[in-house]
Amino acid sequence: MNEDPGAVVRTLLAAAGLPAQGAELDGLIAGYPGRRAAMDALYAIPVPEHDCEGTVQ
């Protein structure tokens, strides 16, 4: 996903009805890509690295 972090953060804040501006908004926008990557990693499904041949399905 190559979303604009500024647009995403502003949309999320507006949807939640939360005000933010100035340095606070800048900090949220700067930190969003890292927080998003961390959240995506929590829900990532690990792919088995071994050969699954011979397993019962």
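In this structure, the side chain of Arg10 engages the main chain of Gly6 through a donor-acceptor pair within 3.5 Å.
Under the rule for a side chain to side chain contact (heavy atoms under 4.5 Å, CB included), the partners of Pro33 that lie at least two apart in sequence or sit in another chain are Pro5. With sequence neighbours left out, the side chain to side chain contact (heavy atoms under 4.5 Å, CB included) criterion links Leu18 to Leu13, Ala16.
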Going by atom type alone, with no hydrogens or angles, which donor-acceptor pairs under 3.5 Å involve a side-chain atom of residues 22-30 and a protein atom two or more places apart or on another chain?
none

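Heavy-atom contacts from other residues, nucleotides or ligands closer than 6.0 Å to CG of Leu42 number more than 12.
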